[in-house]
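In each ligand, atom 1 is the first atom listed, and ligand 1 is the first ligand listed. Just so you know, these numbers use all the heavy atoms, side chains as well, and skip hydrogens, waters and symmetry mates.
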Amino acid sequence: MSVAPVSTLSQAAVIPFPGARPAEDRQAPAPRTLLLSPPHLAGDEMEELKATIESGWLAPAGPTLAAFESRLAEATGMGHVLATVSGTAALHLGFRLLDLQPGDEVWAPSLTFIASVGPAVQMGATPRFLDVDPISWTLDPALLRAELSAAARRGRLPRAVVPVDLYGQPADMPTIAEACAEWGVPVLSDSAESLGSLHHGVHAGVGARLAALSFNGNKIITCGGGGALASDDGGLIQRARRLASQAREDAVLYQHETTGFSYGMSSVLAAVGLAQLRRLPERVAARRAVHERYRDGLSHIPGLSFIAEPGWARSNRWLTVIGLDPARTGTTREAVRRALEAEGIESRPVFKPLHLQPAFRDAPRAGGEVAARLFETGLCLPSGSQMSQGDQARAIALIRRACGA
Ligand SMILES: *Cc1c(COP(=O)(O)O)cnc(C)c1O
């Protein structure tokens with residue numbers, strides 16, 4: 001079956017494979033035939049869409065949306081869920097619920113996607129970037145604890161801490177939440193990449209005051225775009241729901257105590273999400289199998305490493321990421337990326353740490369250079385749940401060759 005991807009980060013690069021390239025064209029990059037994380041259709045999206053459209057409930061209200069939200073509550077174990085237009089919108093609502101004010105600090109790991117702090121910065125907050133743990137690549141809880149107690153002494157605690165479940169690897173939430181609780185600082189978990197991941201037997205993000213999810217086209221399941229805000233606190237999600245629909249009060253006339261957003265997810269997108277969400281356990285299993293095949297094929301290479309999965313974690317392995325130590329592998333992240341690209345295989349450097357971004361030149365930071373080092377050496381590999389074993393074997397063979405192994 002040939003179905004065009006709903007949306008991917010690399011949409012522009014999806015070109016049909018034209019066969020062998022002429023010799024004079026060897027310098028041009030090959031068309032990408034193997035993408036990092038393309039959408040994987042469940043097969044019954046059209047049926048859900050048809051039923052939803054025929055129901056007449058297209059707006060961010062109605063039975064399809066309610067069903068999607070309640071399935072998400074079941075899947076995450078967080079009792080209350082609001083579906084939103086994007087993960088970034090969910091984070092924005094989260095910061096608003098935590099009453100973030102201009103001049104407040106928001107703390108996040110430096111090794112993350114810019115959306116973890118983007119809305120907070122737009123609200124006038126100062127981001128402070130903490131280094132990550134070299135084993136789990138997520139927010140270093142010991143550093144967080146030390147920084148919180150120093151901040152308490154300075155009399156300037158953050159308004160929120162935003163741990164991130166990087167590439168599906170859950171942050172160490174109990175330790176983070178305990179440190180934050182000691183100082184009364186709320187936790188907003190950026191769980192955009194970790195739907196289906198577990199920590200300590202519960203879903204990623206559980207233990208935070210609020211958690212944000214994403215259904216962007218490249219995530220483990222997608223609505224084509226979308227997100228959700230989840231919490232165990234029903235009152236918070238009720239407030240979020242009101243803010244997401246222009247802060248309209250329950251009155252027939254237009255009554256507003258404050259201003260809000262237009263952030264509710266359309267029922268049309270929720271229909272796609274409903275079909276996708278049913279496949280979540282299969283998608284997690286498939287991504288974990290992809291990860292295991294990379295390990296089997298690559299872990300013997302000296303100087304090549306993977307994000308470790310602590311005993312208490314079960315990552316959805318949204319993306320498999322390798323670290324390449326140049327001194328021991330005899331190659332670099334960039335050389336491997338180019339070798340894959342020449343064969344039409346997409347891979348990407350790990351997120352450039354936020355403390356190195358021009359946008360955050362002056363932001364305060366804490367900790368060492370772990371994030372910066374992982375950025376220099378880390379490469380995200382094609383990890384789609386639909387990737388064939390043949391395609392993956394091709395990627396593995398190229399990485400081995402680049403490492404002389
Ligand atoms: C995808 C992502 C987001 C943003 O989600 P959108 O739905 O694209 O707005 C936020 N944080 C992280 C870590 C992400 O990977």
Legend entry - Arg373 and Glu376: CA distance, side-chain angles, deciding distance, salt bridge (charged side-chain N to carboxylate O under 4.0 Å, His left out) verdict: CA-CA 5 Å; Arg373 201 173 67 241; Glu376 292 299 329; over 6 Å; no
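Here is the list of ligand 1 atoms found below 4.0 Å of a heavy atom in Ala192: 2 (C), 3 (C), 10 (C), 11 (N), 12 (C), 14 (C). Every atom of ligand 1 with a heavy atom of Gly226 under 4.0 Å away is listed here by number and element: 7 (O).
In this structure, Arg159 fails the cation-pi test against Phe95, since its NZ or CZ atom is not both closer than 6.0 Å to the six-membered ring centre and inside 45 degrees of the ring normal.
Proximity of a side-chain donor or acceptor of His203 to a complementary backbone N or O of Met78 within less than 3.5 Å is not detected. No donor-acceptor pair closer than 3.5 Å links the side chain of Thr222 to the backbone N or O of Asn218.
At a 4.0 Å cut-off, not a single heavy atom of Ala89 sits close enough to ligand 1 to count as contact.
At a heavy-atom cutoff of 4.0 Å, ligand 1 is contacted by both the backbone and the side chain of Thr88. By the criterion of a heavy-atom distance under 4.0 Å, both the backbone and the side chain of Ser86 are placed next to ligand 1.
Considering both main-chain and side-chain atoms, Thr112 never comes within under 3.5 Å of ligand 1 through any nitrogen or oxygen pair. Inclusion of Ser116 in the set of residues having an N or O under 3.5 Å from an N or O of ligand 1 is not warranted. Between Phe113 and ligand 1, no N or O atom pair is found at a separation short of 3.5 Å. The shortest N or O to N or O distance between Lys219 and ligand 1 is below 3.5 Å.
The pair Arg337-Glu334 meets the salt-bridge criterion, since a charged nitrogen lies less than 4.0 angstrom from a carboxylate oxygen. The pair Arg145-Glu182 meets the salt-bridge criterion, with a side-chain N (NZ, NE, NH1 or NH2) lying under 4.0 Å from an Asp/Glu carboxylate O.
For the atom pair CD1 (Ile301) and CD1 (Ile322), the distance works out to 7.5 Å, reported to the nearest 0.5 Å.
The shortest contact between atom 11 (N) of ligand 1 and any protein heavy atom is with Asp190 OD2, 2.7 Å. Atom 8 (O) of ligand 1 has its closest protein heavy atom at Asn216 ND2, 2.9 Å. Among protein heavy atoms, atom 15 (O) of ligand 1 sits closest to Glu193 OE2, 2.5 Å. Closest protein heavy atom to atom 5 (O) of ligand 1: Ser214 OG, 3.2 Å.
With ring centers used as reference points, Phe360 lies under 6.0 Å from Phe129.
At a cut-off of 3.5 Å, with distance as the only test, a side-chain donor of Ser37 or Arg287 sits close to an acceptor on the other residue.
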